**Q** 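Once you've had a glance at the structure underneath, I'll fire off some questions.
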Protein chains: 2
Amino acid sequence: MIPKRSKYAIQALKCLAKVYREKKHLSIATIAEEENIPRKFLETILLQLRNGGMVGSKMGATGGYFLVKHPDEIVLSSIIRATGGPIALLPCVSLNFYEECTECPHEELCGLHDVMLEVREASIHILSKTSLADLILREKKLLRKSENKRK
Amino acid sequence: MIPKRSKYAIQALKCLAKVYREKKHLSIATIAEEENIPRKFLETILLQLRNGGMVGSKMGATGGYFLVKHPDEIVLSSIIRATGGPIALLPCVSLNFYEECTECPHEELCGLHDVMLEVREASIHILSKTSLADLILREKKLLRKSENKRK
DNA sequence: AAATATACTACTAATTTAATAGGAATTAAA
DNA sequence: TTTAATTCCTATTAAATTAGTAGTATATTT
């Protein structure tokens, strides 16, 4: 499981992506309310994303946050990583949270390691091809689908 | 990430799978030593696996644990589940640890939910086709490969 | 100057997971 | 029949992680 932190980050960035074209920025409070995220917690998350170079901020009254890249270029895997969320199922196959198995004498001979690498690759493949723009597109499609169903 | 508990379970079962043909059984202490797992912790894990119907046990002196199914029939996904490890990256897409998103008004319209379902399916696909027997086979292949390299 | 933001960092609370403790029940063998 | 070796069971503690909060400094607009 990825931490809530990472999930909140994705939600917040999706929010910002929706106003990207209009070059608007949103305040923490606005995003927090819109997405039901605890305000102060969101604050620390956005700060982390800013330090990670994914969003920019403007201080002072009428300040707020905005994306510094096109929604097409921000993919889920990098958001998860920027917020400290591991994608792999075991530390010994994690790119960013790697830890040696104390029990495995030779990692490269471990069958479990081998399988878990495959799982990681499959997950990263999906998460790295899905951008904020894709996420929004998906939601449009889902909405259309559900509207057709209702007819 | 899956809990250590699940990883230990897989290691222990792999151990048992290796002696399955000879119809031998192994004591907790033996497995614990072989796999570098804290003995008392392993005890609770094996108990859980027994209650889950994956292994059998024999009490008393010369007692121990053994697989009740063929190593071909025990797959990684069921071991992980039997030991309480979630495979999905978010609670809202977990089959066994499902929890509703408090923030999502309509789960079926959420783009993130949609993507995470795909990730889950991809992971489960791999973990459900890999059995203990496969794991052992993989290790043989890895060993052969590394021996060829050394030449 | 007042109001409204972000910046920063330290702290607390809550939850989960890992590991241990300790004795009861069971079995085999001395 | 006693002893040693083992599983069975459940409660508890310890450790680590994550979630969330507090409070103050700094910047910007009106």
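These numbers come from a predicted model, not from an experiment. By convention in this document, chain letters (A, B, ...) are assigned in the order of the sequence lines, proteins followed by strands, and residues within each chain are numbered from 1.
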**Q** B/L47 side chain: which of D/dT29, D/dC9, D/dT7 is closest?
**A** D/dC9

**Q** Could you check which of D/dT7, C/dT20, D/dT21 has an atom nearest any side-chain atom of B/T44?
**A** C/dT20

**Q** Less than 4.0 angstrom between a side-chain N/O of A/Y65 and OP1 or OP2 of C/dA7, yes or no?
**A** yes

**Q** OP1 or OP2 of D/dA19 less than 4.0 angstrom from a side-chain nitrogen or oxygen of A/K40, does that happen here?
**A**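 Result: no.
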
**Q** Please report, rounded to the nearest Å, how far the P atom of D/dT29 is from the NE2 atom of A/H25.
**A**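 So the two atoms are 9 Å apart, to the nearest Å.
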
**Q** As a test of reading the structure: which of C/dT17, C/dT20, D/dT7 is closest to the side chain of B/I28, going by heavy atoms?
**A** D/dT7

**Q** Counting only side-chain nitrogens and oxygens, does B/Y8 get under 4.0 Å of the OP1 or OP2 atom of C/dA19?
**A** yes

**Q** Closer to the 5' end of DNA chain C via nearest nucleotide, is it A/A29 or B/R5?
**A**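 The residue closer to the strand's 5' end, by nearest nucleotide, is A/A29.
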
**Q** So for atom NE2, which belongs to B/H106, do other residues, nucleotides or ligands contribute more than 12 heavy atoms lying within a distance under 6.0 Å?
**A** no

**Q** At under 4.0 Å, does any side-chain N or O of A/R50 touch on OP1 or OP2 of C/dA7?
**A** yes

**Q** Check for me whether the distance between the ring centres of B/F66 and B/Y20 falls short of 6.0 Å.
**A**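 They do not qualify: ring centres at least 6.0 Å apart.
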
**Q** In whole angstrom, what separates B/L42's CG from D/dT7's C1'?
**A** 12 Å

**Q** Name the residue closer to the 5' end of DNA chain C, choosing between B/G84 and B/K58 according to the nucleotide with the nearest heavy atom.
**A**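 In this pair, the answer is B/G84.
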
**Q** Would you call A/R144 and A/E147 a salt bridge, taking side-chain N to carboxylate O under 4.0 Å as the test?
**A** no

**Q** Closer to the 5' end of DNA chain D via nearest nucleotide, is it A/G60 or B/N51?
**A** B/N51

**Q** Measuring from the side chain of A/A61 (C-beta onward, heavy atoms only), which nucleotide among C/dA28, C/dT4, D/dG23 has the closest atom?
**A**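 Minimum distance to the A/A61 side chain belongs to C/dT4.
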
**Q** Hey, is B/E34 close enough to B/K18 for a salt bridge, meaning N to O under 4.0 Å?
**A**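 Salt bridge absent between B/E34 and B/K18.
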
**Q** Side chain of B/K4 only, heavy atoms from C-beta on: which candidate in C/dA18, D/dC8, C/dT9 is closest?
**A**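 Shortest atom-to-atom distance from the side chain points to C/dA18.
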
**Q** Using whole Å, what does the distance between atom P of nucleotide D/dA4 and atom CE of B/M59 come to?
**A**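 To the nearest whole Å, that distance equals 19 Å.
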
**Q** C/dA29 phosphate, OP1 or OP2: any side-chain N/O from B/T62 under 4.0 angstrom?
**A** no

**Q** By nearest heavy atom, map A/P86 and B/E43 onto DNA chain D; which one lands nearer the 5' end?
**A** B/E43

**Q** Could you state the interatomic distance from NZ (B/K14) to CG (B/L67), rounded to the nearest 0.5 Å?
**A** 13.0 Å

